[in-house]
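Here is the structure we will look at, set down as structure tokens.
Heads up: numbering here begins at 1 and tracks the sequence.
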Amino acid sequence: MAIYAIGDIHGSINALKTIFQQGLIKENDKVVFLGDYIDKGPDSKGVIDWLIEKNKTFDFEFIRGNHEVMMTLAKSSTKIFKHWLNDYGGSLTLNSYNIDDTQSWMHQIDKKLWNFIDSCLPYLEIGEFIFVHAGLEKNKHLEEQNEHYLYHNKFEKPTIYDANKIVICGHTARINGKIADFGHTICIDTFAHGGMWLTCLNVETGQFLKANNKGEIEEGKLKKMHLIS
């Protein structure tokens, strides 16, 4: 069984499908998605529906991203709703669900989406790896982490969280399309919605497969994996 992580999808359904079409990921492999499934990209509904359907066959784990957090908060506040709609790319999510009436938008959204968001995890620890959307505050146990660090904080140059762990994260978009490997932390948000890549990383070997919305792929391996012996 291999363990893969996939970065921020943001409605990039073609890139997501292209990764799985390569036959790299097997049904008994573990795949951890790092959040931000929705907003900014062309087909949030398509992404959510695809993930829910394929989860019946594959072994998926879903981390919650800040965009899922914001969409949920938007249900209870008109101000947050407008912020999500205009600044987070939420309007593209509503477009993917063919919703024009913003007064009753939350009731028109497929309940599968709300159930999906509710099921997402704040983080996931598997052996020496910790999977999280944004990052972790050092000197705090996982159960003590607050939402700002888990979902919102930008970690351009993250510090070591735990010398015996490797943090696998997304959120801080690497607009050059390159994986940011700090050794103790590996960021794989490679700007899929912005015309770059969606990254799938084998966290144990460092091998990666990238795909974009044009159906193009790029393969490689991190120069060195800082694995715990």
Is there side-chain contact between [X] and [Y], with heavy atoms separated by less than 4.5 Å?
X    : Y    : result
Y149 : F155 : yes
M196 : N212 : no
T190 : N176 : no
F131 : E61  : no
V31  : I25  : yes
F62  : V32  : no
W114 : M106 : yes
T185 : C169 : yes

Exercise for the section: Just do the salt bridge (Lys or Arg N to Asp or Glu O under 4.0 Å) check on E156 and R174 with the steps written out, would you? Expected result: CA-CA 9 Å; E156 293 291 346; R174 309 296 164 170; 3.6 Å; yes
Exercise for the section: In sequence, state the C-alpha distance, the side-chain angles, and the governing distance for I109 and L94, and then conclude on side chain to side chain contact (heavy atoms under 4.5 Å, CB included). Expected result: CA-CA 8 Å; I109 289 284; L94 294 188; 4.0 Å; yes
In one Ile/Leu/Val/Met/Phe/Trp/Tyr side-chain cluster, 4.5 Å: [X], [Y]:
X    : Y    : result
Y97  : L92  : no
V203 : I9   : no
L34  : I166 : yes
M1   : I19  : no

Handout entry: Option among T72, T93, D39 that satisfies the side chain to side chain donor-acceptor pair (under 3.5 Å) test with W84
Key =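 Exactly one pass, corresponding to D39.
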Problem - Residue from H184, E128, E125 passing side chain to side chain donor-acceptor pair (under 3.5 Å) with K165 - result: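 Of the listed options, the one satisfying the test is E125.
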Using the benzene-type ring in the case of Trp, are the ring centres of [X] and [Y] under 6.0 Å apart?
X   : Y   : value
F33 : F60 : yes
W50 : F20 : yes
H10 : H67 : yes
H83 : F81 : no

Take atom [atom1] in [X]; do more than 12 heavy atoms of anything else shown fall under 6.0 Å from it?
X    : atom1 : answer
K82  : NZ    : no
K30  : NZ    : yes
K111 : NZ    : no
I175 : CD1   : no
E143 : CD    : yes

Got a second to check how far [X]'s [atom1] is from [Y]'s [atom2], nearest 0.5 Å?
X    : Y    : atom1 : atom2 : value
S104 : D101 : OG    : CG    : 3.5 Å
D8   : N66  : CG    : CG    : 8.0 Å
I6   : D189 : CD1   : CG    : 13.0 Å
L201 : I188 : CG    : CD1   : 5.5 Å
K178 : W197 : NZ    : CH2   : 12.5 Å

Problem - Note: E53-K112 ion pair, threshold 4.0 Å (strictly below) - result: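 No salt bridge links E53 with K112.
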Handout entry: Pairing of K210 and E219 as salt bridge, 4.0 angstrom limit
Key =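 A salt bridge is absent here (no side-chain N lies under 4.0 Å from a carboxylate O).
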Looking only at side chains, do [X] and [Y] share a donor and an acceptor under 3.5 Å apart?
X    : Y    : answer
H148 : N153 : yes
S44  : S96  : no
D36  : H133 : yes

Practice task
May I ask you to decide if H171's main-chain N or O and K154's side chain share a donor-acceptor pair within less than 3.5 Å?
Solution key: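 Yes: the side chain of K154 pairs with the backbone of H171.
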